[in-house]
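Notes follow the structure.
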Amino acid sequence: MADPAVMAGGFTFRGGKATSSPAENYQLARRRTLQVVVSSLLTECGFESAEKAAVESLTEMIQRYISEVGRCAKAYCEHTARITPTLSDTVVTLIEMGFNVNTLPVYAKRSQRMVITAPPVTNAPVIPKALIAGQKRTHPSHIPSHFPEFPDPHTYIKTPTFREPVSDYQVVREKAASQRRDVERALTRFMAKTGETQSLFKDDITAFPLIAARPSSIPYLSALLPSELELQTLEETDSSEQDDQTDSENTPGNNLNDDPGADKENSMLPPGGVVPSVKASEENMIDNPYLRPVKKPKVRRKK
Amino acid sequence: MCSLSHLGFVELTIFPTVVNLNRIKLNSKQCRIYRVRVNDLEAPFIYNDPTLEVCHHESKQRNLNYFSSAYTAAVSAVDPDAGHGELVIKVPSELWKQGDEMNVLKVYIEFSLDQPKGGLHFVVPDVEGSMAERGAHVFSFGYQNSTRFWFPCVDSYSELCTWKLEFTVDASMVAVSCGDLVETVYTHDMRKKTFHYVLPIPTAASNISLSVGPFEILVEPYMHEVTHFCLPQLLPLLKHSMSYLHEIFEFYEEILTCRYPYSCFKTVFVDEAYVQVSSYASMSIFSTNLLHSAMIIDQTPLTRQCLAQALAQQFFGCFISRMSWADEWVLKGISGYIYGLYLKKTFGVNQYRHWIKEELDKMVEYELKMGGVLLHPTFGGGKDKDNPTPHLHFSIKHPHTLSWKYYKMFQCKAHLVMRLIENRISMEFMLQVFNKLLSLASTASSQKYQSHMWSQMLVSTHSFLKSISNVSGKDIGPLIKQWVDQSAVVKFFGSFAFNRKRNVLELEIRQDYTSSGTQKYVGPIKVTVQELDGSFNHTLQIEENSLKHDIPCHSKSRRNKKKKIPLMNGEEVDMDLSAMDADSPLLWIRIDPDMSILRKVEFEQADFMWQYQLRYERDVVAQEESILALEKFPTPASRLALTDILEQDQCFYKVRQGACFCLAKIANSMMSTWTGPPAMKSLFTRMFCCKSCPNIVKTNTFISFQSYFLQKTMPVAMAQLRDIQNLCPKDVLNFILDLIKYNDNRKNKFSDNYYRAELIDALTNSLTPAISISNEVRTVDNLNGDVRLILEEITRSLNMEKLLPSYRNTITVSCLRAIRMLQKNGHIPSDPSLFKSYAEYGHFVDVRVAALEAVVDYTRGMHRTSPSEVSRTHPIPYVVHKILSMLGKNPPFTKAAESPLCNEALVDQLWKLMNSGTSHDWRLRCDAVNLYYTLFGLTRPSCLPLPELGLVLNLKEKKAVLNPTIKPEQGPDTTEMTGITMGGLITMETVSSVSMSSGVAPPPQGLKRKLDSVVGPLGSSSPEPGQVLQEEDTSKKFKIRFNTVEEDEIDMESPHDSQAFIHHHLNILERPSTPGQHPAVLSLPVTPLPSSFGKESTSSSKHSGDHHHHHHHHEHKKKKKKKHKHKHKHKHESKDKERDSHAFSNSPASGRSARSPSMSD
């Protein structure tokens, strides 16, 4: 026999905790039945008493087992395009789970089996109503009625919340400007807050914080090289402007001319520099002392 | 790892031309000389550099007159052109006989250079990685002939010889030097390589240069003999910036009808450059900041101009050198003149004329302020007596005593005078003269073994004038006399009256030739009169007493006829003649329109005439003159004329820019009657704003550069507008803020950094003094609303710069100026700490200079900090130069005013700085002299106690005791001042050097060399410039090795004899004998400065880390020695001696040797 105190205690504990929601009540009732089942099985096996934790564990296991059987059976049935599992689905499932089905009838008819009262009738939990959006569609004529219904409309319908985009030039510029300004301000404030700052005022150091000047070891690099952002802009304008030029520029080996701006600059300058074209092949012939390989030292052992 | 040093040896081959040659004088500064041999015989030598400390028994003398004469004397004493030098080598007596037979002398000098402060500049960024990865590099620099700072030589532009140069550098480095790179060979250990250069064209030592670094190499695609070098990562910029160079080459070769004289050309772009451009034989060193990408507009013409200048100097300055300092103007003039021709061709006539006007104005202003600039000083027999320029506080006898500003104006005047000569003899003849000079020189240069021919490669005033008269057949004597042999400019005042009856224009031209910097002009002057019937040129003769000139007019005053009016250029235009005087046919009058006199003209004519001139005269100079004049006529008509010019696309953009500022001034004068929106606002809106929404500026495209420049300038000018309360109108401020807000550069292929910087400048311009409520402290709360907006913009922009830096940090520079202006106007508390942080080493140089300018300004305004504090920076020569010149321009006080800053300590600091602190850099010394002059004038500073009472004889020891007026807190100031040099050294020490060695050795070829024969008749008489070249020597062998490490080994090798010799002489001379920073090795025990101690200890700890390297080098060195078959056995002997001498000389250097790893070896 299971210790009723334990069981009762368990119930009261849980019950006391979760009487509020009908869905929970429903589940609790089932769970209780399962617990009774476990207890009776234990009694059947000859246990006098069991610890609460052990009972709980076993209950959990049995619940998992049953759930798994149900899940698998459903999967099998859906696999064969049905919606309600049949006996054979369950059997296959049990076999799949390593259960010897043949022993089941014998076990079911065993003598010392205890009869358990049916779980108390509780209301099945109400499935919360989905948001109703639009008209639920019925099957069109070519779809048999046994097919599943359409899902709720909110899962597939378009919600027409479209508004006319603002195409007014002034507003666009206004927006772009203020957006950029906001981003910049936020960014610089963030940088100022997270790093060292300098202040222009002695009384209020937080007003107009300036990111502290930090010397760099090679200051000319950042000052002279275009930033990535600028390079990106350059590329964008380049690609839009000179499509045919890029082909000739990308000829392999012509690495003296690969500066993205060089050609453009020339083309843009006032005429006067008629630039002789440098062919890639010429480059290999450049004879410049600085390009020559370094000589190995001569072994001088003349004496 | 290694220190900033190099070691090397020089071999000169000398052909004596006099008997009794027993002394040879060479120039050398800073170098430590270990041994000198003449024809394999040890030769005793004396080293004495009087310029190290100009006034020796100084302490009480504090007046500039005294200093200037002492300094001039010191420079003269080592002047190579006069046959003097710091290093006097005694020719061993065994060789005297040979001298009689005129045999070749080979002088071999071993030397080292440790942490040079001048001559060579090491840039070693303080980052991780090898020297090459760090971008460490070194380059030679100097003002005029400064080669002596890095190797012993005859440091004169008139001593030519051929060269063979060898430089051994780390394998990751490239050594770029003059001449052709013959080969590059690895050393035996493959860690280093030796660059062998040969310069077969006779070249003066002063035109030799070197730069070493991990350069990226770009071969000019159009001319493979031209090679460009830049620092790592900058190659794309280099490619773009150099894409234009070949055209400059073509241009010069074409106009000079002469090929580029050298067989190759190299451009090197270095960081921390001394000047933007410096040209040496077959190579030029540029500032790396000239490089730019294709997105940059403003820098592009500037960089091209720099290239063009460098190339012009290659022809005149490097290939053709000068006979003496007095002939410098010819070279500067010609190179400046042909550069001007290039400007005219590339940037157009407008730009050229604008440039000429600008240069003329600049020069005239300087001369009127400071007294004249003399191009060709002639010094009579009496040496110091007749000073041709008594008005100056420095001597113009030597380039090294000149103020930098004076030298700039000198160059300016030189090319303007060349232009005057061109006006006189025509350009064709002018170019023929140049061609003649060049072809003579190139013929001479190919005469390998006839060195007497080489004088053809030197230009003198005389030879130049002779060529001119030969080629043109014209006598330009008066012109030369007026502008070259004589200083000062002409100042004209003109006015006129129209005599209706005679139909004559009565022009009165007066001159002011009594005030400083002016001279009297007698001769022709051109006057252009625009009449109704056309434009007429008249040439008037300015004579002694004639002031009035009658010019007959061609047209009657008839204005009823509708007729087009012909202009000077043949164009005929319709004019609205309603503004003009009904009785007079004169539209406008111009005096000397072609700027063919170095003059300033103040001409009076009616406002409508200026307006006509502005509108219809096509010459930009005339337009600019009329803009300047219209400032005085704030009338609606002027306003209209200026607005019309602003709108004219045809008009030169710089004129339009000028019109903007003039319009702003006029608007301010017309404040009460001004109608309509603020000046230029509607114009700007029409030109640059969207049609649909006039308050929003168009997105940037900058396709038209003219509009770009106008767009940049207009807001700056508009911000100068003021309303009745003398505030910037609210409209204008909001307008500028909107420009910043709506600025959109996303679709632009050009960078907008300059534009944005100018918008910040516009905000700065809009600032007006805060309404001061007593002297309360400025706080955030009482910030004016407008100022708050401005400050917000500045803060945001400055912060954004940290994240997305702009090209050359232009925006940071503008923001710093804006903040200073806010402080100055009392909107925010005045505080230099922000600027000081930006002034530190490690910021981009433009930013540093802007920050320093603010600090200097603060010093002036607040009278609080001493200017010396300002100079506490890393010693990039350029930056220190800037500081001193900014202090000079914006002095914290002047001689007239009283100031708490003007005290004895400051006088001493400054005196020390110019007396001994700047011996490594001529330019800095002259800057210091200038500053001293600005602050204290020529005579003894008033703040000093009278010499009779003061007893401040020996300030070094007794200052604290005897002079109670010096407050204790002034002590630190002194060290701060020395911080210019000392502090810098420490910084340079911790960073450390590119390991390199170099050698220079010419083949046995000619070289002119003057020597000083003590008994000889020539040595005693002071020779004429030409005469100096009496003795000749043919070859100069010269090797330098830049060394990581160090002098100790060399110390060991230096022969005992010479050491003793030096000691002996030192005792006699009682002067510091070795260059500045290491006096101790050769001199008597000296207590070193505390700061030197710190320096040395850091360095020695550094050295120990480099043991391996050192060892290797030592080995290498030995090999070299063997090769040259020198008394190797003496080495160890002398080693012991050295150790002894070190032991007793309590010097930092000896301390270092003892600790140095090689000693334990």
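Chain letters run A, B, ... following the sequence lines, proteins first, then strands; residues in each count from 1. Please read these numbers as outputs of a predicted model, since none were measured by experiment.
Contacts between A:S216 and chain B at a heavy-atom distance below 4.5 Å involve backbone atoms as well as side-chain atoms. The contact between B:I696 and chain A is made entirely by side chain atoms (from C-beta outward), counting heavy-atom distances below 4.5 Å. For B:A175, the part lying under 4.5 angstrom from a heavy atom of chain A is the backbone only. Heavy atoms of B:V182 lying under 4.5 Å from chain A belong exclusively to its backbone. With a 4.5 angstrom heavy-atom cutoff, B:L235 does not touch chain A via any of its atoms. If you measure heavy-atom distances from B:V174 to chain A, the contacts under 4.5 Å come from the side chain alone. Neither the backbone nor the side chain of B:K691 has a heavy atom closer than 4.5 Å to any heavy atom of chain A. Heavy atoms closer than 4.5 Å to chain A are found in the side chain of B:N695, but not in its backbone. Heavy atoms of B:D831 lying under 4.5 Å from chain A belong exclusively to its side chain. Looking at A:A176, the atoms closer than 4.5 Å to chain B (heavy atoms on both sides) all sit in the side chain, from C-beta outward.
Environment of CD in A:E78: crowded, with over 12 heavy atoms of neighbouring residues, nucleotides or ligands closer than 6.0 Å. Residue A:K193 qualifies as open at atom NZ: its count of foreign heavy atoms under 6.0 Å is 12 or below.
For B:F215 and A:Y290, the gap between ring centers reaches or exceeds 6.0 Å.
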Determine all donor-acceptor pairs shorter than 3.5 Å in which one atom belongs to a side chain in residues 793-802 of chain B; sequence neighbours excluded.
from	atom 1	to	atom 2	distance (Å)
B:E793	OE1	B:R796	NH2	2.4
B:E793	OE2	A:R181	NH1	2.9
B:E793	OE2	A:R181	NH2	3.1
B:T795	OG1	B:L791	O	2.4
B:R796	NH1	A:E184	OE1	2.4
B:S797	OG	B:E793	O	2.9
B:N799	OD1	A:I211	N	2.7
B:N799	ND2	A:P209	O	3.1
B:N799	ND2	B:T795	O	3.4
B:E801	OE1	B:S806	OG	3.1
B:E801	OE1	B:T812	N	3.2
B:E801	OE1	B:T812	OG1	2.7
B:E801	OE2	B:S806	N	2.8
B:E801	OE2	B:S806	OG	2.9
B:K802	NZ	B:Y838	OH	2.6

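Listed options B:T810, B:D180, B:L804, B:L231 were ranked by heavy-atom pairs under 4.5 angstrom with chain A; first place goes to B:L231. Of all the listed residues (B:I217, B:D271, B:V127, B:V176), the one sharing the greatest number of non-hydrogen pairs under 4.5 Å with chain A is B:D271. In terms of heavy-atom pairs under 4.5 Å with chain B, the best-connected choice from A:T188, A:L224, A:L210, A:D168 is A:L224. Note: B:T699 leads B:I819, B:T699, B:V845 in heavy-atom pairs under 4.5 Å with chain A. Counting heavy-atom pairs closer than 4.5 Å to chain B, the top residue among A:R214, A:R189, A:E174, A:R173 is A:R173. Comparing B:N289, B:V847, B:N753, B:I740 by how many heavy-atom pairs each has under 4.5 Å with chain A, the most go to B:N289.
At least one side-chain heavy atom of A:P226 sits less than 4.5 Å from a side-chain heavy atom of B:L237. When side chains are defined from C-beta on, B:P829 counts as touching A:F201, because their heavy atoms get closer than 4.5 Å.
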### Task
Quick one: do A:K295 and B:K193 satisfy side-chain contact (heavy atoms from CB on, under 4.5 Å)? Show the steps, please.
CA-CA 9 Å; A:K295 289 182 186 166; B:K193 43 192 186 182; over 6 Å; no
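Minimum interatomic distance between A:P219 and B:F844 (heavy atoms only, all atoms of both residues): CB-N, 3.6 Å. Closest non-hydrogen pair, B:L181 versus A:P289, comes out as O-CB, 3.5 Å. Contact detail for B:L834 and A:Q198: the closest heavy-atom pair is CD1-OE1, 3.1 Å. When all heavy atoms of A:P215 and B:Y841 are compared, the closest pair comes out as CB-O, 3.4 Å. Taking all atoms of both residues into account, the shortest heavy-atom contact from B:R788 to A:F208 is CG-CZ, 3.8 Å.
The distance from the CG atom of A:L225 to the CD atom of B:Q233 is 6.5 Å, given to the nearest 0.5 Å. Separation of atoms CZ (B:R746) and CZ (A:R180) is listed at 8.0 Å; rounding is to 0.5 Å. Atoms CD and CG, from B:Q823 and A:L200 in turn, are 7.5 Å apart once rounded to the nearest 0.5 Å.
A:R185 contributes no side-chain N or O that, together with a main-chain N or O of B:E792, makes up a donor-acceptor pair within less than 3.5 Å. A donor-acceptor pair under 3.5 Å is formed between the side chain of A:N288 and the backbone N or O of B:H224.
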